[in-house]
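One structure below.
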Amino acid sequence: MRRRNYGPWLVGLGAALWGTESAWRIPLNRLFDAQVIVFWEHVLILLMLLPLLISKLAHLPRINARTWGYLIFSAFAGSAVGTIFFTLALKYGNPTVVNVILNIQPVISTLGAFFLFGDRLSPRFFFYAGIAILAGIFLSVEHPTLIGESFEKAGLNLGTGYALVCAVFWGLSTVAGRGTMIGMPLRLAASLRIAVGLICMTLILLIYGKLNRVSLWPPAAQGHMTTAIVALLLLASISGGIPLLIYFEGLRLTRASTAGYFEMMQTLAAVCITWGFFHAALHWHQVIAGIVLMAAVAMVQRAQAAVESV
């Protein structure tokens with residue numbers, strides 16, 4: 001009864017809070033480079049989760065090499081690189097399109113689980129996945145009648161490309177995260193992922209020559225100190241550490257097949273923010289394509305749930 005009553009709603013609440021991140025990333029994109037935003041995000045979230053990490057350090061010697069491999073890939077692909085591409089997508093594309101098109105992640109993660117863990121695919125998987133991909137294409141194209149002339153006139157831009165790359169990284173990160181959860185406690189996995197992600201971000205900044213005072217806190221941020229600090233704190237707390245804990249607690253009490261539907265609260269919250277507050281509207285064909293995309297992904301999850309329960 002406990003699982004049935006509020007577990008899915010915790011998943012929905014956590015996902016909805018994740019969906020608020022556009023409200024902070026979009027203003028921060030005007031003050032920092034994308035890599036620097038993700039770096040500071042990791043620093044602040046790790047500070048929040050440090051008590052959890054310290055309390056679970058005794059489990060570290062029990063973690064095998066395979067689990068470490070999954071964790072490192074999950075942190076690199078999802079926590080670090082994927083988040084950079086998401087931040088870039090919001091900067092160069094229509095934020096509403098970006099947030100809706102990311103719903104294609106479950107298709108990618110399902111395929112990844114098939115190749116990595118040998119998960120069974122439903123006979124209907126490719127049908128619904130094909131619909132989702134076609135809907136994603138129509139969603140990405142602002143003026144489909146002009147696509148024959150040029151991609152630029154059709155409205156395809158860097159933001160769309162970054163969103164698709166982000167979806168690939170986040171989808172594969174989900175698969176690696178599953179492998180991580182098998183080999184270590186959930187709370188340790190969540191906090192270690194942030195810690196490893198911070199190491200990855202530090203190395204990325206070092207490679208790009210941005211691990212210095214001017215890049216970490218540029219003149220634009222210095223000129224808008226309050227906005228920069230408040231937005232970073234809100235990104236790391238309301239849209240970062242807090243939903244992470246709420247979501248995983250809800251996931252513990254919810255069937256994975258049910259959780260998939262409640263995770264779409266992230267899209268609803270994101271669209272309310274990007275369309276309602278930043279006026280990133282969609283054309284009528286994009287609205288229809290977005291609805292078809294989410295419906296197709298929901299059917300993918302339903303079909304896969306039926307296979308997993310056999």
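Computed from a predicted structure; not experimentally measured.
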For this session: Evaluate the side-chain contact (heavy atoms from CB on, under 4.5 Å) criterion for residues Phe169 and Ile84: first the C-alpha distance (whole Å), next the side-chain angles of each, then the deciding distance (0.1 Å), finally the verdict.
Result: CA-CA 10 Å; Phe169 275 103; Ile84 291 174; over 6 Å; no
Exercise. Around His283, counting heavy atoms of other residues, nucleotides and ligands shown, do more than 12 lie under 6.0 Å from its NE2?
Worked result: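 For His283, atom NE2 is crowded (more than 12 foreign heavy atoms under 6.0 Å).
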For this session: State whether the side chain of Ser74 and the backbone N or O of Leu71 hold a donor-acceptor pair below 3.5 Å, judged by distance alone.
Result: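 No, Ser74 side chain to Leu71 backbone: no donor-acceptor pair under 3.5 Å.
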Exercise. Distance-only, no hydrogens or angles: does the Thr20 side chain make a donor-acceptor pair with backbone N or O of Ala16 under 3.5 Å?
Worked result: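 No, Thr20 side chain to Ala16 backbone: no donor-acceptor pair under 3.5 Å.
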Answer yes if the side chains of [X] and [Y] hold a donor-acceptor pair under 3.5 Å, and no otherwise.
{"X": "Ser239", "Y": "Trp24", "answer": "yes"}
{"X": "Thr96", "Y": "Thr274", "answer": "yes"}
{"X": "Thr267", "Y": "Asn99", "answer": "no"}
{"X": "Thr83", "Y": "Arg25", "answer": "no"}

For this session: Mind checking the CE-CD spacing from Met201 to Gln35? Nearest 0.5 Å is all I need.
Result: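 One finds 6.5 Å between CE of Met201 and CD of Gln35.
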Problem set entry | Approximate separation, where rounding is to 0.5 Å, of Leu235 CG and Ser22 OG |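 Those atoms lie 10.0 Å apart.
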Exercise. Centre of Phe117's six-membered ring, under 6.0 Å away, within 45 degrees of the axis: is that where NZ or CZ of Arg178 sits?
Worked result: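 Yes, Arg178 and Phe117 form such a contact.
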Exercise. When Leu139 is tested against each of Val100, Ile288, Ile104 for side-chain contact (heavy atoms from CB on, under 4.5 Å), which residue passes?
Worked result: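 Result for side-chain contact (heavy atoms from CB on, under 4.5 Å) with Leu139: Val100.
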For this session: Determine, step by step, whether Ile131 and Leu134 satisfy the side-chain contact (heavy atoms from CB on, under 4.5 Å) criterion, reporting the C-alpha distance in whole Å, the side-chain angles of both residues, the deciding distance to 0.1 Å, and the verdict.
Result: CA-CA 5 Å; Ile131 293 176; Leu134 287 175; 5.9 Å; no
Under 4.5 Å between side-chain heavy atoms, counting indirect links through other Ile/Leu/Val/Met/Phe/Trp/Tyr residues: same cluster for [X] and [Y] or not?
{"X": "Tyr247", "Y": "Leu102", "answer": "no"}
{"X": "Ile182", "Y": "Leu192", "answer": "no"}
{"X": "Leu90", "Y": "Val271", "answer": "no"}

For this session: Assess whether side-chain contact (heavy atoms from CB on, under 4.5 Å) is satisfied between Trp217 and Met225, documenting all intermediate values.
Result: CA-CA 9 Å; Trp217 207 263; Met225 188 75 73; 3.4 Å; yes
Problem set entry | Tyr162 vs Phe86, side-chain contact (heavy atoms from CB on, under 4.5 Å): CA-CA, chis, key distance, verdict | CA-CA 7 Å; Tyr162 286 139; Phe86 175 62; over 6 Å; no
